[in-house]
Q: 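Quick one: the structure is below, questions incoming.
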Amino acid sequence: MTDSQKIEGYERAVRQIAGLLPHCRDSVAVMATVASVLHDAMPHYYWTGFYRTVSPDILSIGPYQGTPACLEIAFDKGVCGHCATTRTTVVADDVHEFPGHIACDSRSRSEIVVPVFDSGGVLVAVLDVDSTELAAFDEIDKRYLEDICGQMSEFMQG
Ligand code: SME
């Protein structure tokens, strides 16, 4: 996939998400919509979904597209936990090299995880995307996914 094909896919997804989010009744509808639009738009995605902050140190599975995944992740575990702890985007070019990586599906080889905050700046979820290719995620993915997670903030209630 070329950079311009990737950008084109993200531009389409951003427009579609911007049109749909104002119609979402609650945060489940927001996360389900974003996971669906992104998974459908981006051919290099294998698993696309959210883990929600359900207690100060536990993430629990939220809406997703792809194969069945781990149900709970502690903040001190895996790529998702690292993102939740640091509240910043984490890119793992080779998940098997990432300390504490949780292998929900052995086909996943690289991963990007982006924090999702509500409008008050509280971490409410992380967006996790996996690929079967090594180093599938770069600055373009980071920029667009951070933008999309930023757009979600004002709709993440209830
Ligand atoms: N690999 C993740 C766990 C979630 S799955 O990829 C869906 C991690 O290490 O946090």
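For ligands, and for the atoms within them, numbers begin at 1 and follow the listed sequence. All residue numbers refer to positions in the sequence shown, counting from 1.
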Q: Sort and list the pairs that fulfil side-chain hydrogen bond (donor to acceptor under 3.5 Å, both in side chains) and have at least one residue in residues 34-45, not counting sequence neighbours.
A: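 Sorted pair list: Tyr10-Tyr45, His39-Thr48, His44-Asp141.
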
Q: Students should find this: residues with any non-hydrogen atom under 4.0 Å from ligand 1. What is the answer?
A: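 Its neighbours under 4.0 Å (heavy atoms only) are Trp47, Tyr51, Ala69, Ile73, Gly78, Val79, Cys80, His101, Ile102, Cys104, Glu111, Asp128, Asp130, given by chain and number.
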
Q: Thinking salt bridges, do Arg143 and Glu139 make one under a 4.0 Å N-O criterion?
A: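 Salt bridge between Arg143 and Glu139, a charged N being under 4.0 Å from a carboxylate O: no.
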
Q: For a quick test of reading the model, state the closest non-hydrogen atom pair linking Gly9 to Met42 and the distance between them.
A: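 Smallest interatomic distance, heavy atoms only, reads C-SD, 3.8 Å.
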
Q: Donor-acceptor pairs under 3.5 angstrom involving side-chain atoms of residues 49-57: please list them, not counting sequence neighbours.
A:
from  : atom 1 : to     : atom 2 : distance (Å)
Tyr51 : OH     : Cys70  : O      : 2.9
Arg52 : NE     : Ile61  : O      : 3.3
Arg52 : NH2    : Ser60  : OG     : 3.4
Arg52 : NH2    : Ile61  : O      : 3.0
Thr53 : OG1    : Leu123 : O      : 3.3
Ser55 : OG     : Asp57  : OD1    : 3.4
Ser55 : OG     : Ile58  : N      : 3.4

Q: Suppose the criterion is ring-ring contact (aromatic ring centres under 6.0 Å, His included): which pairs have a residue in residues 70-95, not counting sequence neighbours?
A: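 Output for this query lists His82-Phe98.
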
Q: Quick check for you: to the nearest 0.5 Å, what is the distance between Met31 atom CE and Met156 atom CE?
A: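 That separation rounds to 4.0 Å.
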
